[in-house]
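Presented below is the structure to which this report refers.
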There are 2 protein chains.
Amino acid sequence: MTREALRPGRREEILKAAGELFGSRGYHATGMRELAQALELRGSSLYAHIEGKEELLWAIVDRAAAAFTTAANEVPDYLPPAERLERLITAHLRVIFRQLDHAAVFFQDWVHLSTERRREMVARRDEYQQRFRRAVEDGVADGSFQVEDPGVATLIVLSALNFSYQWYDAAGPLDPERLARAYARTLLDGLRSRHHAAAGGKE
Amino acid sequence: MTREALRPGRREEILKAAGELFGSRGYHATGMRELAQALELRGSSLYAHIEGKEELLWAIVDRAAAAFTTAANEVPDYLPPAERLERLITAHLRVIFRQLDHAAVFFQDWVHLSTERRREMVARRDEYQQRFRRAVEDGVADGSFQVEDPGVATLIVLSALNFSYQWYDAAGPLDPERLARAYARTLLDGLRSRHHAAAGGKE
DNA sequence: CCTACCGATCGGTAGG
DNA sequence: CCTACCGATCGGTAGG
């Protein structure tokens, strides 16, 4: 039941400003008047474009989740496990690096969604994690990886990726593509079987 | 200027409850009355034991930071780099796993400290990270590690560790010591030189 | 998109 | 540790 009012694209501007504020200060530390001020509006004027504060949070989190899924969908299932995991890793990081604000909100504020929406996000996140886990398991099965517990290995990999929103600086000196490759190399090597690891080290 | 009032140990109880609430709901989403209720008190009664909400946050964050530093201090500098990093990793994880609530507050709510206290925490965190970075650099120097950029490698390692507070469940099936070892093995192998990686794989 | 206004809740104090 | 109370701010609505 969104209003879809007056100025076209206004809602997008609000989402952008909200992403920046929620991402840096946090959802509950950001007031609606503060958000309005960033857009040179009165607090009450926001409600012509949005339903409420939580709907705003949902819009941002939902988009971020969709961006992750879309990026992962471009990694074909038929790729050999190691290459598949590498592609999943770099795709995941690209989403974080390119939409740092939204990623920050996604990772740190999704808990503040309503129970129902939070439940939905958990389900989507679990499904997404399964793609990583399958790549790890398939790699164990075909001998390219060697890990005690594929579930734990998956969590280690995703943890390494997800915390990057805390320190990655788009204005900093680190090239996102190089960084993504360094990530993938380190994490892949961490999972690699001992005998495989000795081979293939060209670069 | 702490009051240090009436019931002895009452302040500890407050810190414990605050750790749980801030850790699960977040600092700004937790009200002082909510905290009081968890202790079967009126909101105003808290102020006999604490100076204010932010001082409470500071107490928790400061303790968590001290716990990390103390644990790292027990890892001798003279250890060979790979073993040193391994010990730093497991020590770091033990702190997180044993004080999950405080770790959660530390990682997600330190940004809500006052400017001055936030600055101090950044300085202490940077100093702490240097220990990890030196271990990585020393490992590169002596040939046990092979990484493009030691700073980036350090961030990858610490990211993998720090995000664990989001999913680790003390009541779950994962044994913290085994988990810490799996972490260390995966991350160490990720940094290892190709020719070294082939050796030493007993377990 | 504004002015005017709402009830609820916030962290915190006074005084006992 | 309580009752009583404070000003400020919260998200949000009415009505134009």
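Reminder, nothing fancy here: chain letters follow the sequence lines and each chain counts from 1. Side chains included, hydrogens not; waters and symmetry mates left out as well; all remaining heavy atoms used.
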A:Y47 six-ring face occupied by A:K53 cation (under 6.0 Å, within 45°): no
Partners meeting ring pair (Phe, Tyr, Trp, His ring centres under 6.0 Å) with A:Y183 (sequence neighbours left out):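 Counting only residues at least two positions away or on another chain, A:Y183 forms no ring pair (Phe, Tyr, Trp, His ring centres under 6.0 Å).
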If I take atom [atom1] in residue [X] and atom [atom2] in nucleotide [N], what distance separates them, rounded to the nearest angstrom?
| X | N | atom1 | atom2 | value |
| --- | --- | --- | --- | --- |
| B:Y47 | D:dT3 | OH | C1' | 16 Å |
| B:W58 | C:dG11 | CH2 | C1' | 21 Å |
| B:Q37 | C:dG11 | CD | P | 13 Å |
| B:K53 | C:dG12 | NZ | P | 8 Å |
| B:L35 | C:dG12 | CG | P | 11 Å |
| B:H112 | C:dG11 | NE2 | P | 13 Å |
| B:E54 | C:dG11 | CD | P | 13 Å |
| B:R33 | D:dA4 | CZ | C1' | 12 Å |

Sequence neighbours excluded, which residues qualify as salt bridge (charged side-chain N to carboxylate O under 4.0 Å, His left out) partners of [X]?
| X | value |
| --- | --- |
| A:R133 | A:E137 |
| A:R94 | A:E177 |
| A:E86 | none |

Using a cutoff of under 3.5 Å, can you pull out all pairs of nitrogen or oxygen atoms linking the protein to nucleotides 14-16 of chain D, with atom names and distances?
none

Distance below 4.0 Å between A:R42 side-chain N/O and C:dA4 OP1 or OP2: no
Listed partners of A:E127 passing side-chain contact (heavy atoms from CB on, under 4.5 Å), at least two apart: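 Result, side-chain contact (heavy atoms from CB on, under 4.5 Å) vs A:E127: none returned.
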For A:E13, the option from A:K16, A:R11, A:R10 that meets side chain to side chain donor-acceptor pair (under 3.5 Å):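 In the set A:K16, A:R11, A:R10, the residue that makes a side chain to side chain donor-acceptor pair (under 3.5 Å) with A:E13 is A:R10.
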Distance-only donor-acceptor pairs under 3.5 Å for side chains of residues 163-172 of chain B, two or more places apart:
| unit_1 | atom_1 | unit_2 | atom_2 | d |
| --- | --- | --- | --- | --- |
| B:S164 | OG | B:L161 | O | 2.6 |
| B:W167 | NE1 | A:S159 | OG | 2.8 |
| B:D169 | OD1 | B:A171 | N | 2.9 |

Salt bridge (Lys or Arg N to Asp or Glu O under 4.0 Å) contacts touching residues 98-121 of chain A (sequence neighbours left out):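 Only A:E54-A:R117, A:E120-A:R124 qualify under salt bridge (Lys or Arg N to Asp or Glu O under 4.0 Å).
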Qualifying salt bridge (Lys or Arg N to Asp or Glu O under 4.0 Å) pairs with a residue from residues 65-84 of chain A, counting only residues at least two apart or across chains: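 Passing the test, one end in residues 65-84 of chain A: A:R84-A:D138.
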Canonical and wobble pairing (Watson-Crick, G-U, under 3.5 Å) of DNA chain C, dot-bracket with |: ||||||||||||||||
DNA chain D contacts made by residues 12-27 of chain A, counting heavy atoms under 4.0 Å: none
Contact list for residues 30-42 of chain B, test side chain to side chain donor-acceptor pair (under 3.5 Å), sequence neighbours left out: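 Applying side chain to side chain donor-acceptor pair (under 3.5 Å) to every pair that reaches into residues 30-42 of chain B, excluding sequence neighbours, yields B:R25-B:E34.
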Sugar-phosphate only, base, or nothing, as touched by B:L41 at under 4.0 Å among non-hydrogen atoms: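 Touches sugar-phosphate only.
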